[in-house]
Colleague: 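Handing you this structure, nothing more for now.
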There are 2 protein chains.
Amino acid sequence: MVRFTKKVEYALISLRHIANAKDEIITAKQISNKFNIPYELLAKVLQKLKKEKILESNQGVNGGYKLIKQLNEISLSSLIDVIEGKLAIVECLHEKDINDCFISDTCNIKSPINKMQYELENLLKHKMVSDFV
Amino acid sequence: MVRFTKKVEYALISLRHIANAKDEIITAKQISNKFNIPYELLAKVLQKLKKEKILESNQGVNGGYKLIKQLNEISLSSLIDVIEGKLAIVECLHEKDINDCFISDTCNIKSPINKMQYELENLLKHKMVSDFV
DNA sequence: TTAAATACGACTATATTAGTCCAGTTTATA
DNA sequence: TATAAACTGGACTAATATAGTCGTATTTAA
């Protein structure tokens, strides 16, 4: 299947929302309430965005999140990477697997799949979160 | 995650192999052996390709499969459709779900996701199985 | 009549995704 | 300085999707 995960969806929704709020600090709870997203799950997504320096956080009362990157600096590809690790359209393109594929010799779609991977990555790389308007 | 399923992989491998064999009839067992693909699973994939008139089959001794479409007439998009049903990058784009999304009013990424869906479909629609060479 | 093939539904196993629980830490402010 | 509001983070469970298996039926060349 070719589908974005909920986590990526939640990240997009959150980034849009935080960006719209300008410099106002936004809490996980606000987003969770407004968009009916499970709080704990959302919190984890935001934490990842923070680790990648897309968001900045303040703890404690009046704490919350603020954007420190422009939405047009964040590609969909990097967002997916951040949230669910490097994308690979088939198992065998994951680095760890590349050597223990046991049909590798006979496999007749290796190089085309590589090309496809490249094109897909390219699409996602040039698709910025800001395009999502 | 954005990944092709094994079934789609197996379909690609099979189509390539059958196409390479020219007019020779190929059995599921041959493909299963050569590429180490579980026989029963492969059989089901081939049956789907048959139902979609991509392959033609003969039962009984000396039976097997033959291509009845050119590889350049089969888009990746249609192949995925055949094998795992209509693709949607997020749940809410599945027709059955479209009316029971309960953040639909507040959702701030509806239209961008639609555009993304369109672009991805477009990429897959113009990517033919024959491109996989 | 038999063996080699496809056809197909029901089932089980495994992996991934989604969501929950709980115990922290930080910090403004009453 | 106590408290409540917020983030942090690990371990867990639940739900779903994918992968694979089993059994039985049907077809057909030799």
Side-chain angles (χ1 to χ4, degrees), chain A residues 1-11 13-14 18 24-33 35-52 54-66 80 83-92 94 96-97 103, chain B residues 1-11 13-14 18 24-33 35-52 54-66 80 83-92 94 96-97 103:
Chain A
M1 196 173 302
V2 181
R3 176 176 294 189
F4 294 165
T5 60
K6 292 276 181 195
K7 285 184 189 172
V8 171
E9 239 184 288
Y10 296 160
I13 290 176
S14 300
I18 296 173
E24 200 185 331
I25 283 186
I26 300 291
T27 68
K29 183 165 262 174
Q30 288 172 329
I31 299 176
S32 156
N33 285 338
F35 299 101
N36 259 293
I37 299 172
Y39 173 78
E40 309 280 355
L41 188 52
L42 177 65
K44 299 224 152 90
V45 169
L46 297 177
Q47 278 162 38
K48 282 191 179 169
L49 295 179
K50 183 226 165 152
K51 274 195 192 137
E52 289 301 312
I54 290 170
L55 296 177
E56 184 174 78
S57 73
N58 297 111
Q59 277 185 301
V61 173
N62 297 336
Y65 295 94
K66 221 170 62 178
I80 293 175
I83 289 172
E84 49 196 28
K86 201 89 189 87
L87 150 169
I89 56 169
V90 291
E91 230 176 275
C92 65
H94 271 132
K96 69 176 178 69
D97 298 318
I103 70 158
Chain B
M1 196 173 303
V2 181
R3 176 178 294 191
F4 294 166
T5 60
K6 292 279 182 193
K7 285 184 190 174
V8 171
E9 240 184 288
Y10 296 160
I13 290 176
S14 300
I18 295 173
E24 201 186 330
I25 281 186
I26 301 290
T27 68
K29 183 165 261 175
Q30 289 173 329
I31 299 176
S32 156
N33 285 337
F35 298 101
N36 258 294
I37 300 171
Y39 173 78
E40 310 279 355
L41 189 52
L42 176 65
K44 297 225 154 84
V45 169
L46 297 178
Q47 279 160 38
K48 281 190 179 170
L49 296 179
K50 183 230 167 147
K51 273 195 193 134
E52 289 301 312
I54 290 171
L55 296 177
E56 184 176 76
S57 73
N58 297 112
Q59 276 186 300
V61 173
N62 297 335
Y65 295 94
K66 220 168 66 180
I80 293 175
I83 288 171
E84 50 196 28
K86 201 87 190 88
L87 151 168
I89 56 170
V90 291
E91 230 177 277
C92 65
H94 271 133
K96 69 173 179 68
D97 298 319
I103 71 159

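Within every chain, numbering begins at 1; the chains are lettered A, B, ... in the order of the sequence lines, protein sequences first and strands thereafter.
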Colleague: Roughly how many Å is it from CG in B:N33 to P in C:dA5, rounded to a whole number?
Modeller: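 Taking atom P of C:dA5 as the reference, CG of B:N33 is at 10 Å.
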
Colleague: Whole angstroms only, please: what is the CG-C1' distance between A:L49 and D:dG9?
Modeller: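 Going from CG in A:L49 over to C1' in D:dG9 covers 16 Å.
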
Colleague: Ignoring hydrogens, what is the shortest heavy-atom contact between B:E84 and B:T5? Give both atom names and the distance.
Modeller: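 Heavy-atom minimum between the residues: OE1-OG1, 2.8 Å.
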
Colleague: What is the separation between atom CD on A:E56 and atom P on D:dA6, rounded to the nearest whole Å?
Modeller: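 Rounded to the whole Å, the gap is 18 Å.
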
Colleague: Of the options B:K50, B:K51, B:K66, which is the one that meets B:E56 in a salt bridge (charged side-chain N to carboxylate O under 4.0 Å, His left out)?
Modeller: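 The option that passes is B:K66.
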
Colleague: Quickly, which of B:T27, B:L42, B:L46 forms a side chain to side chain contact (heavy atoms under 4.5 Å, CB included) with B:S32? Name it, please.
Modeller: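 Exactly one option meets the side chain to side chain contact (heavy atoms under 4.5 Å, CB included) with B:S32, and it is B:L42.
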
Colleague: Distance check needed: C:dG19 P versus A:E84 CD, whole Å only.
Modeller: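 Computing the A:E84:CD to C:dG19:P distance gives 14 Å.
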
Colleague: All N/O contacts under 3.5 Å from nucleotides 6-8 of chain C to the protein, with atom names and distances to one decimal?
Modeller:
| unit_1 | atom_1 | unit_2 | atom_2 | d |
| --- | --- | --- | --- | --- |
| C:dT6 | OP1 | B:A28 | N | 2.9 |
| C:dT6 | OP2 | B:Y39 | OH | 3.2 |
| C:dT6 | O3' | B:S57 | OG | 3.4 |
| C:dT6 | O2 | B:Q59 | NE2 | 2.7 |
| C:dA7 | OP1 | B:K50 | NZ | 2.9 |
| C:dA7 | OP1 | B:S57 | OG | 2.8 |
| C:dA7 | OP2 | B:Y65 | OH | 2.8 |

Colleague: Whole angstrom is fine here: how far is it from CD1 in A:I37 over to P in C:dT20?
Modeller: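 That distance rounds to 13 Å.
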
Colleague: Between C1' on D:dC12 and CG on A:L41, what's the gap in Å once rounded to a whole number?
Modeller: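 Atom CG in A:L41 sits about 14 Å away from atom C1' in D:dC12.
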
Colleague: Taking all atoms of both residues into account, what is the closest heavy-atom pair of B:K29 and B:Y39, and its distance?
Modeller: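 Heavy atoms of B:K29 and B:Y39 come nearest at N-CE1, 3.8 Å.
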
Colleague: Rounded to the Å, how far apart are B:K6 NZ and C:dT16 C1'?
Modeller: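 Roughly 14 Å, once rounded to whole Å.
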
Colleague: Without decimals, in angstroms, what is the distance between B:K48 NZ and D:dA19 P?
Modeller: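 So the two atoms are 11 Å apart, to the nearest Å.
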
Colleague: Could you tell me whether the phosphate oxygens of D:dA19, OP1 or OP2, come under 4.0 Å of any side-chain nitrogen or oxygen in B:Y10?
Modeller: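 The answer is no; no side-chain N or O of B:Y10 sits under 4.0 Å from OP1 or OP2.
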
Colleague: Quick check: closest heavy atoms across B:I25 and B:G63, and the distance to 0.1 Å?
Modeller: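 Scanning both residues completely, I find the closest heavy atoms to be CG2-O, 3.6 Å.
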
Colleague: A:F35: which residues meet the ring-ring contact (aromatic ring centres under 6.0 Å, His included) condition with it, sequence neighbours left out?
Modeller: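 Once residues adjacent in sequence are excluded, the partners of A:F35 under the ring-ring contact (aromatic ring centres under 6.0 Å, His included) criterion are A:H17.
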
Colleague: Check the phosphate of C:dT29 against A:N62, side-chain N and O only, distance under 4.0 Å to OP1 or OP2. Yes or no?
Modeller: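 The answer is yes; a side-chain N or O of A:N62 sits under 4.0 Å from OP1 or OP2.
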
